[in-house]
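Okay, structure first, notes after.
For ligands, and for the atoms within them, numbers begin at 1 and follow the listed sequence. One-based numbering along the sequence shown.
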Amino acid sequence: MPRPILATVHTEALRHNLARARHAGGDARVWAVVKANAYGHGIERAFEGLRGADGFALLDLAEAERLRALDWRGPILLLEGVFEPRDLELCSRLGLWHAVHCQEQIDWLAAHKTQVPHRVFLKLNSGMNRLGFKPDAFRSAWARLNALPQVDEISFMTHFSDADGPRGIAHQVAAFEAVTRDLPGERSLCNSAATLRHAGSPLAAGGQPQTLAADWVRAGIMVYGGAPDHPARTAADWDLKPAMTLSSRLIGVQQLAAGDSVGYGSAFVAPHPMQVGVVACGYADGYPRHASGSAASGGIGGPVLVDGVRTTLLGRVSMDMLAVDLSPVLAAGRHAGLGAEVVLWGRSASGAVLGADEVAHAAGTIGYELMCAVAQRVPFAVD
Ligand SMILES: *Cc1c(COP(=O)(O)O)cnc(C)c1O
């Protein structure tokens, strides 16, 4: 029998969450963002649940090839554009749309020999300061692109740094609006956080009444069932369902006496007699070691479900195992013996849900990171 750990991708949850993105985006078309191998879910595994999207957005040309190999004929957008001139040949061959964020990418286009003009998304750096043209360089970049026979339609995009937080997006929206106002073309501004929190607010593009959702929203974490603004809001608040369950089983049960400890560093010491379950999951599976119990927390770590009952980690997460408190499981009269189901995040067979966001929060990170970090050795299934 293989080790009992398993990651399951939920097709129905992806469909549901995509529908939520569509609803929140109003009239906008929806890019399902599938970079990083569909946020760790696997492009091929997530495809069935996401094929209702209007397009797929990603970074890696090899991932774009995989989508075409799935027979996806619709739009694919390279969010960072091309990395070197010869990438443009693949764009021509596969009909990829690509972001243009710097002068060099325009130089490469100008030198590119193609029969098929490219659809490009000219990217504005509206304040994030990662990629994109600064406002004062944006219009000349547009004029250069517009003069190239290699370029077909020019659309506009920008990316928000604070759509999930108190600083908000108004300053970036104003920068985008000021520089694109009278330019013809489609627009894309919103990631998940902006789609859920701001998409309905007005964007006065080209003097037309338009909402911030504009022509395209770029839905990433929300289609995988993560709340972009956890813990201010939870996935349940946004009516999102986990698209991945990381589950395992109890492979050991220990009866502790008062004063007994668990695991490396004796980080948890039992205050009274209790039962502890040992789970086949550790940091070598991609589970965050920072969810361990620490001295500051009395050795009590992050949340976990055992047979659908919420309980906590005890002591340190090790490479292949972690320990959990079985007291609440026993108190609920549920299965707390060898082979009992453990959900590290996602949905238990009983229907109980533990969001990756919550586990991530306990580990001082975000759900995105947990989803992307599930290790190679973990087998996957699709339901
Ligand atoms: C990753 C990414 C997104 C999606 O962000 P989420 O927060 O996951 O919705 C949108 N736009 C760009 C440019 C991205 O890189």
Side-chain angles (χ1 to χ4, degrees), residues 14 17-18 20-25 28-41 43 46 50 53-61 63-64 75-83 96-102 105 120-133 155-165 167-169 172-173 176 186-199 212-233 235 238 240 242-244 355-357 360 365-373:
L14 289 165
N17 298 335
L18 182 65
R20 291 282 302 121
R22 204 172 268 302
H23 179 78
R29 278 161 285 162
V30 179
W31 294 110
V33 181
V34 294
K35 63 190 180 192
N37 201 21
Y39 289 45
H41 293 65
I43 288 180
L50 295 178
D54 298 294
F56 288 94
L58 42 67
L59 315 176
D60 193 313
L61 285 96
E63 291 186 341
I76 297 176
L77 174 63
L78 299 177
L79 290 166
E80 295 179 349
V82 296
F83 303 101
L96 308 181
W97 303 2
H98 48 101
V100 171
H101 65 75
C102 64
Q105 289 179 330
V120 297
F121 275 65
L122 183 59
K123 183 161 186 173
L124 175 71
N125 172 7
S126 58
M128 171 81 109
N129 288 312
R130 296 193 314 188
L131 300 179
F133 291 90
S155 304
F156 307 108
M157 67 183 289
T158 196
H159 193 46
F160 296 131
S161 58
D162 290 76
D164 56 337
R167 189 178 182 202
I169 60 172
Q172 290 188 266
V173 174
F176 183 82
E186 295 189 342
R187 289 150 163 74
S188 176
L189 299 89
C190 295
N191 56 2
S192 296
T195 300
L196 289 169
R197 293 164 63 104
H198 306 290
L212 213 60
D215 300 291
W216 294 89
V217 295
R218 306 187 302 270
I221 195 68
M222 71 174 294
V223 303
Y224 306 102
D229 51 358
H230 184 89
R233 298 283 210 109
W238 292 121
L240 300 170
M244 181 199 289
D357 298 328
T365 184
I366 53 176
Y368 297 68
E369 188 179 358
L370 268 49
M371 293 174 189
C372 293

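Cation-pi geometry between R233 and W238 is satisfied (NZ or CZ under 6.0 Å from the ring centre, within 45° of the ring normal). The cationic atom of R29 (NZ for Lys, CZ for Arg) lies less than 6.0 Å from the six-membered ring centre of W216 and within 45° of the ring axis.
Which parts of ligand 1 touch N191 is read off a 4.0 Å heavy-atom cut-off, strictly below it: atoms 5 (O), 9 (O), 10 (C). Proximity to I221 (heavy-atom distance under 4.0 Å) selects the following atoms of ligand 1: 6 (P), 8 (O), 9 (O). Remark: ligand 1 atoms within the under-4.0 Å shell around heavy atoms of Y39 are 1 (C), 4 (C), 5 (O), 6 (P), 8 (O).
R218 NE, 2.8 Å is the protein heavy atom nearest to atom 11 (N) of ligand 1. Scanning all protein heavy atoms for the shortest distance to atom 12 (C) of ligand 1 gives H159 CE1, 3.4 Å. Here the heavy atom of the protein found nearest to atom 9 (O) of ligand 1 is S192 OG, 2.5 Å.
In this structure, M157 and F176 have side chains that are not in contact, with every pair of non-hydrogen atoms separated by 4.5 Å or more. The closest side-chain heavy-atom distance from K123 to E80 is not below 4.5 Å.
Electrostatic pairing of D60 and K35 does not count as a salt bridge here, judged by no charged N lying under 4.0 Å from a carboxylate O.
Judged purely by distance below 3.5 Å, without hydrogens or angles, the side chains of Q172 and S126 pair a donor atom with an acceptor atom.
Where the criterion is an N or O separation shorter than 3.5 Å, residue side chain and backbone included, G220 meets it with respect to ligand 1. For ligand 1, one of its N or O atoms has an N or O atom of K35 under 3.5 Å away. Ligand 1 has a nitrogen or oxygen under 3.5 angstrom from a nitrogen or oxygen of Y368.
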**OP:** Could you walk me through whether D229 and R197 pass the salt bridge (charged side-chain N to carboxylate O under 4.0 Å, His left out) test, one step at a time?
**Re:** CA-CA 9 Å; D229 51 358; R197 293 164 63 104; 2.7 Å; yes
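The shell of residues lying under 4.0 angstrom from ligand 1, judged by heavy atoms, excludes W31.
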